[in-house]
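In this chain, numbering begins with 1 at the start of the sequence shown. Values reported hereafter were calculated over all heavy atoms of this structure, with side chains retained and with hydrogens, waters and symmetry mates removed.
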Amino acid sequence: MASEIGAVNASTILAASQRKPGEFKIRTDGSVKLRAMIDQLGAEAGRKQITASALIRLRGIAEGVIDPSSEWETTGGFLQITGQAFKLSLDAQGQIQVEAQAESDLLDYTPGQREQIRAAVDQMKELVAAEDLETTKADLRATLAFGVLRIEEMKRFSPAEEFWETQFQNLAEAGRPVKLSLDADGNLFALDQLTHDFSDVADFRDRQTLLDAQRDLKAILSGAKAATEAWQFEALGNKSEGDDYFLALDADGAVTVERNSVPTVTPEFLAADPDGPETTAPWQQEALSLYRAKKGFHFDFDPSGQTLRVVENTLQNLTQGDEIAAGEEKIRSALVSLLA
């Protein structure tokens with residue numbers, strides 16, 4: 001028995017003496033752990049790649065250069081375009097999931113935090129509506145400015161191209177009061193004031209003044225009545241010179257004759273709001289900035305859990321996964337376990 005024990009000890013000593021400096025005996029369980037760790041990091045990298053691709057797809061959809069081809073793309077693209085808070089994630093099978101915070105149960109948050117997020121979602125709807133109104137007004141102002149430019153070009157013998165341009169030219173050449181206007185769909189049209197009911201004028205007295213002026217101008221243009229007022233002579237002067245003109249009211253409610261220009265054809269309700277939508281908290285400005293940039297976002301809280309903040313939907317913010325350095329640290333730890 002003693003000889004057997006001695007043989008085992010001798011064998012152990014001999015094996016150790018023959019091991020080169022720096023060599024370690026690899027533990028089988030450590031090898032399994034290392035393989036599992038490498039597989040896990042590879043899976044995390046794969047999930048990050050899927051998330052990154054999804055974010056690129058959503059940006060393309062928001063910019064109008066990519067058509068959605070799946071349900072999550074349609075949902076995510078709509079939420080991003082309309083400025084609604086949402087999160088993008090992957091399920092256990094690596095399938096992309098999109099969840100609007102307006103429809104989420106928000107179980108990751110405390111009851112108080114859930115209340116703040118839901119209030120922010122509602123406030124964001126109002127801010128987006130106000131922002132969209134300003135954008136629409138700006139678009140309509142640009143449309144009118146383009147129309148004025150076309151009128152000036154046509155005066156320099158540029159041929160009419162659109163129907164409204166032909167209509168405008170015909171009315172102006174006939175000496176009728178014509179005003180560049182927008183229809184209910186925001187399209188340009190030439191308004192013949194001799195057939196207009198001025199229903200767009202809110203004040204009844206102003207509307208009646210313009211209708212009276214319309215009646216007088218009809219009689220003057222037909223020769224049934226002579227011009228007696230300054231605006232009437234001005235209208236006749238424009239007619240004889242072939243210049244466009246239309247009837248308007250000055251600040252005192254008196255009839256005037258105007259030419260079609262950007263200031264004269266742009267109604268007051270399309271005036272720009274220099275301050276934009278009114279905000280009451282920093283997160284609102286941040287959310288509006290992301291909405292204007294057509295970028296996705298969601299609501300969260302700062303480390304204290306007290307202050308609501310807006311988080312852009314980026315790869316780093318959505319995955320909250322390990323950075324490369326952290327991944328390397330995991331491998332080093334597994335190697336230590338393997339070779340210990």
**Message:** R215: which residues meet the salt bridge (charged side-chain N to carboxylate O under 4.0 Å, His left out) condition with it, sequence neighbours left out?
**Reply:** D212

**Message:** If the condition is salt bridge (charged side-chain N to carboxylate O under 4.0 Å, His left out), which residues does E152 pass it with, not counting sequence neighbours?
**Reply:** K155

**Fill in**
So the salt bridge (Lys or Arg N to Asp or Glu O under 4.0 Å) pairs with at least one residue in residues 107-119 (sequence neighbours excluded) are none

**Asked** Sequence neighbours excluded, which residues qualify as side-chain hydrogen bond (donor to acceptor under 3.5 Å, both in side chains) partners of T195?
**Response** none

What residues form a side chain to side chain contact (heavy atoms under 4.5 Å, CB included) with [X], not counting sequence neighbours?
X	answer
L140	T136, L182, L270
F146	R150, L188
S222	A224

**Request:** Check whether the side chains of E229 and W231 place a donor and an acceptor atom closer than 3.5 Å, and report yes or no.
**Result:** yes

Under 3.5 Å, which donor-acceptor pairs link side chains of residues 81-91 to any protein atom two or more places apart or in another chain?
from, atom 1, to, atom 2, distance (Å)
T82, OG1, F78, O, 2.6
T82, OG1, L79, O, 3.4
T82, OG1, Q84, NE2, 3.0
K87, NZ, Y109, OH, 3.4
D91, OD1, Q93, N, 3.0
D91, OD1, G94, N, 3.0
D91, OD1, Q95, N, 2.7
D91, OD2, Q97, NE2, 3.2

Atom pairs and distances, side-chain donor-acceptor, residues 250-258, under 3.5 Å, sequence neighbours left out:
from, atom 1, to, atom 2, distance (Å)
D250, OD1, D252, N, 2.9
D250, OD1, G253, N, 3.0
D250, OD1, A254, N, 2.8
T256, OG1, A248, O, 3.4

**Prompt:** Under the ring pair (Phe, Tyr, Trp, His ring centres under 6.0 Å) test, which residues partner F297, sequence neighbours left out?
**Reply:** F299

**Request:** Please write out which residues are connected to F233 in a hydrophobic cluster, directly or through intermediates, given that two of Ile, Leu, Val, Met, Phe, Trp, Tyr count as joined at side-chain heavy-atom separations below 4.5 angstrom.
**Result:** none

**Prompt:** Is there any ring-ring contact (aromatic ring centres under 6.0 Å, His included) pair reaching into residues 171-223, and which pairs are they, with sequence neighbours excluded?
**Reply:** H196-F198

